[in-house]
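First up is the structure itself, then whatever we jot down about it.
Remember, it's 1-based here, ligands and their atoms both numbered in the order they're listed.
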Amino acid sequence: MNLLRVIHGRVIDPSQGIDRVDDVWIEGDKLLGVGPRPNLIASKTIDATGLIVCPGLIDMHVHLREPGFEEDETIATGTLSAVRGGITTVACMPNTEPALDNQAAAEFVYLLAERAGLANVFPIGAVTKKREGKELAEIGGLVDGGAVAFTDHDAPIASADIMRRALEYCLMFDKPVLCHAEDQDLTRNAVMHEGSESMRLGLRGMPASAEEIVLYRDLELAKITGGRLHVLHVSTAGSVELIRRAKQAGVRVTAEATPYHLLHTDRALRGFDANFKLNPPLRTQADVDALILGIKDGTIDALVSDHTPIATEKKVRELDQSPFGIVGLETLLPLCIKALVEPGHLAWPELIRKLTWNPARILSLEGFGTLQAGTNADVTLIDPNKPWTIDVEAFASKSRNCPYQGMTVKGRASGVLLGGVVHE
Ligand SMILES: [Zn+2]
Ligand SMILES: [Zn+2]
C-alpha cells in the first residue's frame, strides 16, 4: 500500500472546521483523512513542522490564454505557475481565440491540462457564441465538455434579455453565470478609476457607476430568474453594498475580489506604471475599506488572482495603449496574506476558506477544496512566516507583467501534493 503521512503540520480544513496540529494521511491519489492512524505504517513521511497543511488552493479566475495567445501563456506554463504559487486547481476564462464557446473547445482544455500533468484545470464557457453577446453559446454542449460556469468576461453582455436567458438556461444545469460588471459605454478608452486622481493625471477614467449599473441589473435578473450569479472582481463600495443587500434578500449571488484591489488605490497610477492598469481599475481608499469589510462579513466569498499574462512586447506601450492585467498565480497567496492576514482582517482559516472550500462550492467542484476522506489528494503546504522577495524573472509564467518586482512579502507555498504526488 502506498501510504503517505504528513506530520506535525497545522492542519486547516475549513470544510470540516479543522484547525489543529495533526496528521494528514494519503493513500495513492486519495485522501485518507486527518488524525492519528495507529494501525497504519506510512511508506513515506513528510515533516510539516511549522507549516500550514490545507486543501490544495483553488484560483477560480485565471486566464491561461491558450488557444490563441500562446505568446502570453500556455496551459502548460500557466499550470506550472499555479503549482509554484501553491495553487492546485484553476478555472480558466473563455476569452481565448477562438473563444471557448463549444464542447470541443472545453474538451481541448482538459486534454492539454492532462498532458501538462500539473494543476487541475476547469474551463469556463462563453455565454454567447464568439462572445459577441448576440446568440447563446452551446451551453448544454459546453456542460457535456466539462465547463463549470459561464461568462463572456471582458465582453460583458450588453443585452439584458440575453443575460436573463443565460441565467435561465444555466440554471437548468445548476451552473453560475459570472458577471464582469462593466457598462462599456461608460468606460470607452478609459485607463483608470474616474475621480480626482484621473483628473490630476489627465487620464480618462471609468466611473464606479459603470460597474454598479450593470451589477444592479444582473442582480435583479438573478432575482427574477432564480439563477446563480457570481460577481467577478468586485471593486467598488457600492458594489459590495449591492451584493450584501441581494444576499440578504435571498438572491443566489456570490462574489470574489483580487488582492490588488485591497492593496492599492488609484494613486498607484501616479508612477504611470502600466502594470497597475487593471480592469476594473484600482479605486479609492473608501472602496478598499468597503471591500475588506465585505470580505470579513462574507459578502465576498472568494479571492482570486485574475492571472492575466501579457507578453512584454504588448505591455510596455504607453499607458493608454497597454492592455489591462497582472500576472498573478505566483503572488496570490502572499498578497492575500499581506492584505488580509497581516493587518488582522482575517484569521488563517478564514483566508484558506476563501481560497479552497468557497470557490469549490461556487463552481460545484466535487472532491476539491477539502481534506475529506476519499477526495483527491491535493494538498498545499504553506510556510506562513517565510519572508521572501518577489522576483518576476523567476516566475514560471511566460509573462512578466507584475508591479511587485523586488517587493518583500511574507508567506509562501513550500510545496503541493497533486493527486498524492509531491511538487516542490
Ligand atoms: Zn474581468
Ligand atoms: Zn479576468
Discussion item. Under a 3.5 Å threshold, yes or no: a donor from one side chain and an acceptor from the other, between His307 and Asp59?
Written reply: no
Worksheet item: Does the side chain of Asp306 pick up a donor-acceptor pair with the side chain of His63 at under 3.5 Å?
Response: yes
Exercise answer: donor-acceptor pairs, residues 344-353 side-chain atoms, under 3.5 Å, sequence neighbours excluded:
| residue | atom | partner | partner atom | Å |
| --- | --- | --- | --- | --- |
| Glu350 | OE1 | Ala347 | N | 2.7 |
| Arg353 | NH2 | Pro14 | O | 3.3 |

Discussion item. Would you say Glu211 and Ser239 are linked by a side-chain donor-acceptor pair, where the criterion is simply a distance under 3.5 Å?
Written reply: yes
Worksheet item: Taking the six-membered ring for Trp, is the centroid-to-centroid distance between His230 and His61 below 6.0 Å?
Response: no
Worksheet item: Excluding waters, how many protein N/O/S atoms sit closer than 2.8 Å to the Zn ion (ligand 2)?
Response: 4
Fill in: Electrostatic pair Arg400-Glu393, nearest N-O below 4.0 angstrom
yes
